[in-house]
Number of protein chains: 2
Amino acid sequence: MQKTAQKTGYHHGDLREQLIATTRDLVEERGPDVFSVSEACRRAGVSTAAPYKHFEDREDLLRAVALQGFAEMTERFHAAVVPHTPGTLEAIAAVGRAYVAFAEDNPGLFKMMFATPKDHPATEEAGHGCYGVVLDQIARYLGHAEVDDAVMEAGFPLWTFVHGLSFLRIDGKAEFAKMRVSVEDVIQGATARLLPPRKG
Amino acid sequence: MQKTAQKTGYHHGDLREQLIATTRDLVEERGPDVFSVSEACRRAGVSTAAPYKHFEDREDLLRAVALQGFAEMTERFHAAVVPHTPGTLEAIAAVGRAYVAFAEDNPGLFKMMFATPKDHPATEEAGHGCYGVVLDQIARYLGHAEVDDAVMEAGFPLWTFVHGLSFLRIDGKAEFAKMRVSVEDVIQGATARLLPPRKG
DNA sequence: ATCGAGATGTTAGAGCCTCTAACTAAGTTA
DNA sequence: TAACTTAGTTAGAGGCTCTAACATCTCGAT
């Protein structure tokens, strides 16, 4: 199951990618804040100084992992939309479900993606690209040709909702709240309620 | 502005409380993850070993700070309800506003309160007490005598919403979304939309 | 072919951090 | 006031991030 080149004795082959993968695993296992570069090195079988040839510092490595997370999330969003008619409530709710599902599947990564001390340009752009998928759907839903201020405003409460739901699910608060309905239904309901009435 | 006893030469007076206060400041200044016990000690003017007479470990100290946060939040909730007729939409929305306001006033603390690796019984109880304030209002709103499952279910989407909004505000995403309406109005609107219709 | 540059490893170590052990001073109580 | 408890201290082990200096490999130009 090696996805990257093997160590050739001295040089590793593709340490950068493997460090990202290992870090991602560790962030998931141990939690984002407890992650240590040293442990990632031990797992990758390199010295603790090696990562600094590929990443500026610990922060930079974590950022690369977060970036990968955003890319994956964006892909998932696109996949979620496909089965639905563009610009429908169903399409929009599907993205919401994909959002929460991603968070539940990658709790550590998800928290890390939003625990960024200060957003780097690249991370920010990745986030925007991700958000753009929903905004496109909402623009269509509202019958707007492009993502204007009204679309962003309509999207924000939805983002708010799924973002909050993700955190509460990750932290196990949803069980505490004794929900009898599924996450899917909660999202469907909230989407319908929080979106402004459709034009036409 | 000393709230605690002074150092009497050898003994401190009230190191435990001062460490909690200092830690809270640091968490706010530096961010929750970058906090170090050592720095808190430097500020409090004690050796780096001193805290371990009062707290099991770093985690335990942070937990004490989080506990204080929950207590403060609960107080704020109570204060928010006072000006309103109990069991009205306004009372419920007021708690929502207090939630987000607390998060904005104490972003580091707020994040820490919910970034708990594993919830300790005491923290959990404090959280429940906090949540109970809204649930009481919702129970009255729905005309239920006590906080039953239906009440919890009705409350969950609201919690979800203000929780998400808090994070997005703290992380500066709300500005990005170009909201033209105030946080207050967003909460008011979401509360009205997300609550089930009132009985009677 | 080989030589030199650049990329990517290594070891050593400085300077942080958390937490423990052993000691000491101050308060408390019989 | 002696004995016990509480709350400080210093010293240090072991882990972490990151740098400096050195070593090895890759590769393009000659």
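Chain naming here is simple, since letters A, B, ... match the order of the sequence lines and numbering starts at 1 in each.
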Presence of salt bridge, [Y] and [X], under 4.0 angstrom:
X	Y	value
Glu184(A)	Arg97(A)	no
Glu175(B)	Arg169(B)	no
Lys111(B)	Glu28(B)	no

Query raised in the report: Transitively linked via ILVMFWY side-chain contacts under 4.5 Å: Val46(B) with Phe55(B)?
Result: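 Yes; tracing contacts between hydrophobic side chains, which count when under 4.5 Å, links both residues.
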Given atom [atom1] of [X] and atom [atom2] of [N], what is their separation to the nearest angstrom?
X	N	atom1	atom2	value
Leu19(A)	dG9(C)	CG	P	8 Å
Lys53(B)	dT24(C)	NZ	P	13 Å
Gln18(A)	dT8(C)	CD	C1'	14 Å

Donor-acceptor contacts under 3.5 Å from residues 126-136 of chain A side chains, at least two apart:
residue: Tyr131(A); atom: OH; partner: Phe156(A); partner atom: N; Å: 3.4

Query raised in the report: Nucleotide by nucleotide, 5' to 3', does protein get under 4.0 Å of the base (B), only the sugar-phosphate (S), or neither (-) in nucleotides 13-20 of chain D, counting heavy atoms?
Result: ---SBBB-
Query - Any His54(B) side-chain nitrogen or oxygen under 4.0 Å from OP1 or OP2 of dG8(D) - result: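 Yes, because at least one side-chain N or O of His54(B) sits under 4.0 Å from OP1 or OP2 of dG8(D).
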Query raised in the report: Parallel, tilted or perpendicular for Phe114(A) and Phe70(A), by the 30°/60° rule?
Result: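 Perpendicular, since the angle between the ring planes exceeds 60°.
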